[in-house]
Protein chains: 2
Amino acid sequence: MITRNPSLTDQVKAHIKDRIVNDGFADDRIPPEATLGEELGVSRTTIRDALAKLENEGAIYRKQGSGTFVNRPGLQIKSRLEEIWSYAKVLEDHGYTPSVSVISDVIVPADDETAAALAIEVGGDVVEIEKLFLEDDEPVVLTRNRIPASLLDADHSRDELPLYEFLDEYCDRRLTYYVSEIVPVAFNASQARKLHVKRGTVGLAFVEIGYDQTNEPIVYATSFFRDDLLRFRIIRRRAGA
Amino acid sequence: MITRNPSLTDQVKAHIKDRIVNDGFADDRIPPEATLGEELGVSRTTIRDALAKLENEGAIYRKQGSGTFVNRPGLQIKSRLEEIWSYAKVLEDHGYTPSVSVISDVIVPADDETAAALAIEVGGDVVEIEKLFLEDDEPVVLTRNRIPASLLDADHSRDELPLYEFLDEYCDRRLTYYVSEIVPVAFNASQARKLHVKRGTVGLAFVEIGYDQTNEPIVYATSFFRDDLLRFRIIRRRAGA
DNA sequence: TAGTGGTCTAGACCACTTC
DNA sequence: AAGTGGTCTAGACCACTAA
């Protein structure tokens with residue numbers, strides 16, 4: 001049942017990932033590339049492309065001259081920082097069954113900071129949407145997205161959608177990438193109240209600007225995280241090896 | 001014993017990176033892969049491997065059917081979170097000329113947390129080294145590394161070395177990867193004094209366990225950052241595209 | 001020395017974007 | 001329709017690791 005799309009490489013990748021998760025390999029050692037190629041009836045290049053993707057995702061690592069191995073610590077990382085696109089998904093990956101609540105959706109004038117981020121005039125209309133992601137009525141993530149009003153349909157009723165789908169639907173813009181800053185904060189009174197913590201509690205924030213395919217800024221977003229409920233982990237490997 | 005002949009791919013990669021930084025390309029558009037291959041006299045595969053590495057580092061991006069382009073925001077990111085190996089280097093990349101100061105180097109008994117991290121007995125001997133990274137006498141990063149005493153030579157005089165080189169030299173272990181947590185903190189009295197900030201100031205911390213090639217934990221490290229002087233930025237791209 | 005992953009070539013066709 | 005990056009093949013040799 002070899003078909004195009006998904007690509008052979010992606011099929012091979014899924015197959016190996018599946019074996020890692022379900023069956024496992026002896027000593028966490030993945031068979032040689034030549035062997036895998038014969039087993040699956042594809043060229044070594046295809047195998048290598050698939051392994052490269054898995055390595056990139058942190059699922060495996062390779063040692064020249066030695067072999068290819070399952071990367072146990074990498075498998076434990078649920079949310080890779082570089083590709084977070086839905087906080088609901090992040091919470092799911094951490095074992096929660098989240099709910100989303102839109103707590104405000106208003107038009108405000110852009111302050112200096114927002115105007116600079118979105119490359120619009122100070123005082124220009126900006127749609128500000130605040131959302132809260134909860135687990136069992138306990139808030140975990142608070143997000144505030146600011147989008148130039150000129151980009152948005154006046155009637156954007158389904159605003160509980162993930163932001164990128166929301167923008168796909170209600171603007172003609174496609175959110176392509178974020179530039180994000182990781183900032184430690186002490187929650188102010190308003191944030192603390194929404195997150196059900198004491199004022200001054202320390203948490204993590206992402207302050208980020210989202211761009212479309214033409215490198216135009218289309219959203220200025222700030223997200224606050226309850227450090228006691230959600231913590232980010234990363235794997236750091238030596239660059240040259 | 002180092003026979004580091006840069007591969008063709010790495011030479012091509014360096015060449016393109018150089019052109020991006022020094023000359024630039026019209027419209028930030030990088031020539032087609034076929035053209036590059038002819039110009040440099042290498043196969044398209046080699047070009048593609050080089051471009052793949054550059055894409056991985058965030059220096060460029062590709063759009064199928066359209067072309068390959070310089071990734072301006074990606075070029076601004078100095079320190080990629082997944083491959084930070086020397087805080088001195090991090091500060092340099094941010095335009096500082098850092099100095100390092102070892103502020104303590106003592107043997108302490110392992111507390112519960114440290115013992116668990118390093119998989120040793122509670123109360124076992126641990127070498128604790130605190131270092132401060134400064135820019136113009138202003139402290140920016142405070143690190144505390146704890147290493148099982150059994151792994152370390154009693155005489156480790158050159159302990160201002162980057163930790164991974166230090167471990168290479170004074171143990172027989174090679175630091176292979178870290179599992180790191182990103183934690184927001186309010187500095188306590190001791191940390192605040194060392195970092196020259198007020199007690200309770202909010203900052204970022206990495207809490208991490210370093211492993212050797214056999215997946216054995218060899219270092220438990222905590223690093224504190226002055227948020228006003230050093231802030232981490234990342235690019236987040238959509239996963240599927 | 002045998003076996004592994006790493007590099008490199010030459011060539012074919014596909015999928016998508018742009019005109 | 002033309003041009004771009006994406007996928008895939010078959011085969012060669014190199015660099016490193018481990019028995």
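Only this structure's heavy atoms are used, side chains among them; waters, hydrogens and symmetry mates stay out. All chains are named by letter (A, B, ...) in the order of the sequence lines, taking the proteins before the strands, and each is independently numbered beginning at 1.
Looking only at distances, a side-chain donor or acceptor of A:D212 sits under 3.5 Å from a matching main-chain atom of A:N215. The backbone N or O of B:R174 lies less than 3.5 Å from a partner atom in the side chain of B:T176, making a donor-acceptor pair. Judged by distance alone, the side chain of B:E82 and the main-chain N or O of A:I234 form no donor-acceptor pair under 3.5 Å. Under a 3.5 Å cut-off, the side chain of A:D28 and the backbone N or O of A:F69 do not form any donor-acceptor pair.
Contact check, A:T46 against D:dT9: a side-chain N or O comes under 4.0 Å of OP1 or OP2.
Here the C1' atom of nucleotide D:dC16 and the OH atom of A:Y61 are 16 Å apart, to the nearest Å. Rounded to whole angstrom, the span from the CG atom of B:D49 across to the P atom of C:dG5 amounts to 17 Å. Rounded to whole angstrom, the span from the CG atom of B:L8 across to the C1' atom of D:dC14 amounts to 12 Å. For B:E55 and D:dG6, the CD to C1' distance is 11 Å, given to the nearest whole Å. At whole-Å resolution of the value, CG in B:D10 and C1' in D:dA15 are 14 Å apart. Rounded to whole Å, atom P of C:dT9 lies 9 Å from atom CD1 of B:I47. Atom CZ in B:F69 sits roughly 17 Å away from atom P in C:dC16 (whole-Å rounding). The separation between B:E33 atom CD and C:dC8 atom P is 16 Å, rounded to whole Å.
Taking all atoms of both residues into account, the shortest heavy-atom contact from A:R231 to B:V183 is NH2-CG1, 3.6 Å.
In this structure, A:V179 and B:R233 have side chains that are in contact, with non-hydrogen atoms separated by less than 4.5 Å.
Closest to the side chain of A:R48, out of D:dG5, D:dT9, C:dG5, is C:dG5. Here the side chain of B:R62 is nearest to one of C:dT9, D:dG6, C:dG5, namely D:dG6. Checking D:dC8, C:dT9, D:dG5 against every side-chain atom of A:S43, the shortest atom distance belongs to D:dC8.
With hydrogens and angles left out, the side-chain atoms of A:S223 and A:Y87 include a donor and acceptor closer than 3.5 Å.
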Do any N or O atoms of the protein come closer than 3.5 Å to N or O atoms of nucleotides 11-13 of chain C, and which pairs are they?
{"from": "C:dA12", "atom 1": "N6", "to": "B:R44", "atom 2": "NH1", "distance (Å)": "3.4"}

Below 3.5 Å is the cut-off: list the nitrogen or oxygen pairs between protein and nucleotides 17-19 of chain C, distance only.
{"from": "C:dT17", "atom 1": "O4'", "to": "B:G65", "atom 2": "O", "distance (Å)": "3.4"}

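With B:R146 as the partner, the salt bridge (charged side-chain N to carboxylate O under 4.0 Å, His left out) test is satisfied by one option alone out of B:E130, B:E208, B:E128: B:E128.
Aromatic rings from B:F232 and B:F225 are positioned such that their centres are separated by under 6.0 Å.
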